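The block underneath contains the structure these notes are about, expressed in structure tokens.
Here the structure is a predicted model, which is why all the values come from computation and not from measurement.
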Amino acid sequence: MTAQGHRRGLDPEGYIEREGSLARVPYAFEAVVTAARERVLDAFGARLDGAYLYGSIPRGTARVGRSDLDLLLSLREEPTDADRADARALEAALDEEFAAIDGVGILLFSRTRLLSDLETHDLGWFVACLCTPLLGEDLAERLPRYRPDPLLARETNGDLALLLPRWRERIATAADTEKARRPLVRSMSRHLVRTGFTLVMPRWNGWTSDLGEMAEAFGAYYPRRAAELRGAAVRGHEPTGDAAVLRSYTEDLGPWLAEEYARVHGIKAPRP
């Protein structure tokens, strides 16, 4: 199957367009975004190189009381334990104060790592295409433009086989309750859908962050697994706490997807 015509998410030259903008932030989330900007500066001060929003809020698709606030911080040096503690404290404070969001996640990386050759087609692409500048220099200006090609597919999601043992450990150590399993179902569902999509992304020849569209794109090339990924896309938004779902992810869908990914695109370059 060959993609036809211009795909969404690409500019007229075939490069992936940056998907978010501060102008798209829904009104209901403006207060928490403003607070995040101010408190990131207060918490990190001179250690901060830049800050970005990503996810549904800058895409304009966030749902009040259901969506989380996602931030990526670029630091002048490698993150320390103190930096991580400050980030966790900031996450908890914002989540408690603002009812519009359901959780906060803050990623920490050094400026050097984000601009490194090793991360050009992973974290670099993430910053350039999926992150919206909030504070400081926009590192996208120092990064290349990106096409939805096999190199990008390999370097973004070609490490699922390495993640599966960690997933099994997280499941085994989680409390045996639906409430404890629900966040695991949500995060693993999203990861599997995105991996399934980037598996076919070069053939589909486009970009989307919509889980439903990702699952449909995947299903066009792998119809026998289409229903599984569609179900995962639904659970990525409305997670259940079903232990059987997690078992299916780590013992069936995940291993198959990791093997197929390695066959089609190869394995992601090792990180230190």
Side-chain angles (χ1 to χ4, degrees), residues 18-114 123 126-127 130-140 166 170 173-175 177-191 194 209 211 235-239 241:
R18 189 173 235 167
E19 64 177 17
S21 165
L22 292 181
R24 297 180 189 171
V25 173
Y27 175 77
F29 296 93
E30 289 180 356
V32 68
V33 169
T34 298
R37 180 191 291 113
E38 295 171 352
R39 295 182 196 183
V40 162
L41 269 177
D42 290 342
F44 289 90
R47 293 174 289 168
L48 185 71
D49 177 70
Y52 302 82
L53 288 174
Y54 68 95
S56 61
I57 290 179
R59 291 199 304 267
T61 60
R63 299 175 298 167
V64 174
R66 309 293 284 278
S67 298
D68 51 1
L69 174 69
D70 295 308
L71 297 164
L72 181 146
L73 305 187
S74 169
L75 303 182
R76 297 188 185 281
E77 305 292 340
E78 288 299 320
T80 64
D81 288 343
D83 293 327
R84 296 184 184 93
D86 287 345
R88 300 296 84 81
L90 182 54
E91 288 173 348
L94 289 169
D95 188 31
E96 181 177 358
E97 183 174 343
F98 292 92
I101 54 173
D102 180 21
V104 180
I106 300 177
L107 301 178
L108 300 177
F109 299 102
S110 70
R111 173 190 174 94
T112 299
R113 181 176 176 187
L114 292 173
L123 291 176
F126 185 77
V127 167
L130 305 191
C131 288
T132 296
L134 188 65
L135 287 166
E137 179 189 1
D138 180 9
L139 296 183
R166 302 178 200 171
R170 289 177 62 194
T173 57
T177 65
E178 285 204 4
K179 182 178 181 181
R181 289 190 290 264
R182 201 171 294 123
L184 299 179
V185 170
R186 182 186 186 186
S187 64
M188 293 176 191
S189 295
R190 292 184 174 195
H191 195 104
R194 289 166 181 156
S209 282
L211 294 179
R235 289 186 288 271
H237 289 300
E238 302 289 345

Could you tell me which residues satisfy side chain to side chain contact (heavy atoms under 4.5 Å, CB included) with [X], sequence neighbours excluded, listed by chain and number?
X: Asp95; answer: Ile101, Val104
X: Asp83; answer: Phe44, Arg47, Leu75, Pro79, Thr80, Leu108
X: Ser187; answer: Arg170
X: Ala180; answer: Ala175, Thr177

- Message: Whether Arg181 and Glu178 form a salt bridge (side-chain N of Lys/Arg under 4.0 Å from carboxylate O of Asp/Glu) is what I want to check.
- Response: no
- ring-ring contact (aromatic ring centres under 6.0 Å, His included) involving Phe126 - partner list, sequence neighbours excluded: Tyr54
Side-chain donor-acceptor distances from residues 24-31 under 3.5 Å, at least two apart:
unit_1	atom_1	unit_2	atom_2	d
Arg24	NH1	Glu19	O	2.4

- Query: Sequence neighbours excluded, which residues qualify as salt bridge (Lys or Arg N to Asp or Glu O under 4.0 Å) partners of Asp81?
  - Reply: Arg84
- Taking only residues two or more places apart in sequence, or in another chain, which ones meet Arg194 in a salt bridge (Lys or Arg N to Asp or Glu O under 4.0 Å)? none
Those residues that, when tested against [X], pass side-chain hydrogen bond (donor to acceptor under 3.5 Å, both in side chains) (two or more places apart):
X: Thr132; value: none
X: Arg186; value: none
X: Glu77; value: none

Can you measure from [atom1] ([X]) to [atom2] ([Y]) and round to the nearest 0.5 angstrom?
X: Asp70; Y: Glu91; atom1: CG; atom2: CD; result: 9.5 Å
X: Asp138; Y: Cys131; atom1: CG; atom2: SG; result: 9.5 Å
X: Leu90; Y: Ile106; atom1: CG; atom2: CD1; result: 4.0 Å

- Residue pairs meeting ring-ring contact (aromatic ring centres under 6.0 Å, His included), one or both in residues 56-105, sequence neighbours left out, come to none
